[in-house]
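Down below is the structure, laid out as structure tokens.
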Amino acid sequence: MTTSHILNAVSPLIADLAQDLSERERLRRLLAALRNLLPADAVALLKLEGEWLHPMAIDGLMPDTLGRRFRLAEHPRFAQLLAAGQATRFEPDSPLPDPYDGLIAHKGQTITELHVHDCMGCVLQLGGMPWGLLTLDALEPGRFADPAALAMLQAFSNLAAATVATAERVHQLSQLARGASNTASTSAAPERGLQGSSPAMRQLQKDIALVAASDLSVLITGETGTGKELVAQAVHAQSGRAGKPMISINCAALPDNLVESELFGHVRGAFTGALTERSGKFEQAHQGTLFLDEVGELSLPVQAKLLRVLQSGQLQRLGSDREHHVDVRVIAATNRDLASEVSAGRMRADFYHRLNVYPLNVPPLRERDSDVLQLAGYFLEENRSRLKLGGLRLEATAQAALLNHRWAGNVRELEHLISRAVLKALSRNDGSAGRASSRLRIVTLGVADLWDQPEATVATTAPQAPVTQLLPAPEVGLRDAVTTYERELVNASLARHHGSWAAAARELQIDRANLQRLAKRLDIARP
């Protein structure tokens, strides 16, 4: 490759450093430039977080890769790249398992077994410390055999580090503007957070960032299993109170005779069994956040007592006349329609309006498009790590079934479904669900593993017209017949996925850009 080719690949990135771009777009352009420079089938940018690597951007890998978290102790190739500190290539016959086996998308399909391939990667350094990794994979051996490839990757990594540093700085400034802490997590295991990049989730993230900078009360609504508690944690983590405690209380689990004591505390002798003085949840959350989960379960008398605290921050412990002042930000969550509860007389209107200062609605999973696959990847990697397996993958039919399911139980239903499916697949492949080894071959989940009866998924998909109904009249020529059939298939897929090019491309098993070019040729407009 000539110097001019290298300059052509990196010049746009140099120009991007001075542009006001989103973090997502900046990293996407980085990977696109890398694929233009080196002939890779898949590239990825992974951020180091403690002992884990978190994919920040991918190109050429299956969507569920974004949801995965790779533990260094379980992925020796990643650990070796970090230890090397420079661009490194693995020979095609390397015995080390590849984390991306079965995750590379090739010509619109997933390759579930890669017997030989070529891969290399390098460390990105920021401020003299390792920030993460750039990795490249190819489906044929010898693709990166030229020593010049390693030299080019090493040279590219310097510019890549500048791009990542710019994206990090923009993110830090955004956090500082909200008064949030930007201290990196170094925990042994990554905490669960909000996953997804669908339009609905991006809007929710924007709303979270907006309200987190204030001290307004927040009411989080949404169906069961959507992740309302994770939203509450995100609001707290991005607020100026992030360094203070977040105290959670499940209002539905509290007996009526203990609610007041739990919330406001009590003094010795306030009731039978009150042997010592005790602070309540409000005092424990002083200068921090109090999360009231299932707030719709509180009785009317307790709602009345909470009003004073919400209005003035003044409370009295049970059995005491002394006032206590607390500085608490209240976040509440419910899967009930509280406006209807007010109309029915089961909730005080003044209490409802005190909570509903800034409403956040968590979208159901069926409205989050391809987030389903990203979340599935997260749960697959959790199960792989817990069971010490070599790899867990989804067949293309299983991916389609997940995308088309209605998800009445939302993310919680998906998590439990993946856990059950893994155990069933292990039992099918190994004869025992308890037998597991890191040297096991890749375990691939099919539709039969996800649901006990494969027919159960049929009801979750939109009906398709028989092929004979889609074919034109016999007198039409072959070329026109093929064009008509293609138009019918693309239109039907776009309609099933509410106009999402990405979801339609996955179902039709072609690249998204190729689908859009095909649609343009067929004169198809997005629904």
Side-chain angles (χ1 to χ4, degrees), residues 24 27-28 31 41-79 81-82 96-105 110-114 119 121 131-137 185 187-198 201 227 230 365 368 370-396 398-399 402-403 411 414-419 421-422 425 436 438 440-445 449-450 502 506:
R24 178 184 301 275
L27 298 182
R28 186 196 67 78
L31 295 191
D41 291 308
V43 294
L45 175 68
L46 304 103
K47 183 177 182 180
L48 182 63
E49 296 177 342
E51 294 299 315
W52 300 77
L53 283 166
H54 168 202
M56 300 294 292
I58 59 173
D59 192 356
L61 293 169
M62 298 306 293
D64 64 87
T65 309
L66 278 176
R68 297 178 182 251
R69 302 294 181 269
F70 300 102
R71 189 176 186 178
L72 288 175
E74 298 170 357
H75 295 286
R77 291 203 186 207
F78 286 154
L81 286 174
L82 283 168
L96 299 179
D98 194 295
Y100 300 138
D101 279 351
L103 291 178
I104 295 181
T110 308
I111 310 301
T112 55
E113 298 232 2
L114 297 177
C119 66
W131 178 90
L133 294 176
L134 265 177
T135 63
L136 301 89
D137 273 67
S185 172
S187 59
E191 294 184 0
R192 284 194 175 186
L194 293 173
Q195 298 278 341
S197 54
S198 63
M201 285 303 292
L230 292 180
L365 188 54
R368 292 174 54 183
S370 59
D371 285 355
V372 174
L373 295 184
Q374 182 173 335
L375 286 161
Y378 182 89
F379 297 133
L380 284 169
E381 192 63 24
E382 269 196 343
N383 280 276
R384 187 209 61 76
S385 179
R386 177 171 54 85
L387 297 172
K388 301 187 184 306
L389 299 174
L392 282 171
R393 309 291 181 255
L394 288 169
E395 286 183 355
Q399 293 180 33
L402 292 177
L403 288 170
V411 180
L414 173 62
E415 178 184 6
H416 296 167
L417 177 72
I418 293 295
S419 297
V422 171
S438 61
L440 279 179
R441 64 187 180 280
I442 296 172
V443 177
T444 303
L445 307 185
D449 297 312
L450 297 173
R506 279 190 299 274

Taking the side chain as every heavy atom from C-beta outward, state whether [X] and [Y] have any atom pair closer than 4.5 Å.
{"X": "Leu373", "Y": "Gln399", "result": "yes"}
{"X": "Leu66", "Y": "Leu61", "result": "no"}
{"X": "Ile418", "Y": "Leu392", "result": "no"}
{"X": "Leu389", "Y": "Val422", "result": "yes"}

Atom pair [atom1] ([X]) and [atom2] ([Y]), whose distance is rounded to the nearest 0.5 Å:
{"X": "Arg393", "Y": "Arg384", "atom1": "CZ", "atom2": "CZ", "answer": "8.0 Å"}
{"X": "Ser385", "Y": "Arg68", "atom1": "OG", "atom2": "CZ", "answer": "12.0 Å"}
{"X": "Phe78", "Y": "Tyr100", "atom1": "CZ", "atom2": "OH", "answer": "3.5 Å"}
{"X": "Leu380", "Y": "Glu415", "atom1": "CG", "atom2": "CD", "answer": "11.5 Å"}
{"X": "Lys47", "Y": "Leu53", "atom1": "NZ", "atom2": "CG", "answer": "11.5 Å"}
{"X": "Gln195", "Y": "Arg368", "atom1": "CD", "atom2": "CZ", "answer": "9.0 Å"}

Quick one: closest heavy-atom pair of [X] and [Y], and the distance?
{"X": "Gln374", "Y": "Ser197", "value": "OE1-OG, 3.8 Å"}
{"X": "Leu450", "Y": "Ala398", "value": "CD1-CB, 3.7 Å"}
{"X": "Thr65", "Y": "Pro55", "value": "O-CG, 3.4 Å"}
{"X": "Gly121", "Y": "Leu81", "value": "O-CD2, 3.5 Å"}
{"X": "Gly193", "Y": "Leu230", "value": "O-CD1, 3.9 Å"}

Any sub-3.5 Å donor-acceptor pair from Arg69's side-chain atoms to Glu382's backbone N or O?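 No, the answer is negative, given that no donor and acceptor are paired below the 3.5 Å cut-off.
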Counting only N and O atoms by type, is there a donor-acceptor contact under 3.5 Å from the side chain of Asp371 to the main-chain atoms of Ser198?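 Yes; judged by distance alone, with no hydrogens or angles, the pair exists.
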Quick one, Phe379 with Asp64, criterion side chain to side chain contact (heavy atoms under 4.5 Å, CB included). Give me CA distance, side-chain angles, the key distance, then yes/no. CA-CA 10 Å; Phe379 297 133; Asp64 64 87; over 6 Å; no
Do you know which of Thr444, Asp449, Leu402 makes side chain to side chain contact (heavy atoms under 4.5 Å, CB included) with Leu394?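 For Leu394, the side chain to side chain contact (heavy atoms under 4.5 Å, CB included) test succeeds with only one of Thr444, Asp449, Leu402, which is Leu402.
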Not counting sequence neighbours, which residues clear side chain to side chain contact (heavy atoms under 4.5 Å, CB included) with Leu82? List them please.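 Result, side chain to side chain contact (heavy atoms under 4.5 Å, CB included) vs Leu82: Leu48, Leu72, Val123, Pro130, Leu133.
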With side chain to side chain contact (heavy atoms under 4.5 Å, CB included) as the criterion, how do Ile58 and Val43 come out once you've worked through the C-alpha distance, each side chain's angles and the decisive distance to 0.1 Å? CA-CA 6 Å; Ile58 59 173; Val43 294; over 6 Å; no
Side chain to side chain contact (heavy atoms under 4.5 Å, CB included) for Leu375 and Leu365? Distances and angles first, verdict last. CA-CA 10 Å; Leu375 286 161; Leu365 188 54; 3.6 Å; yes
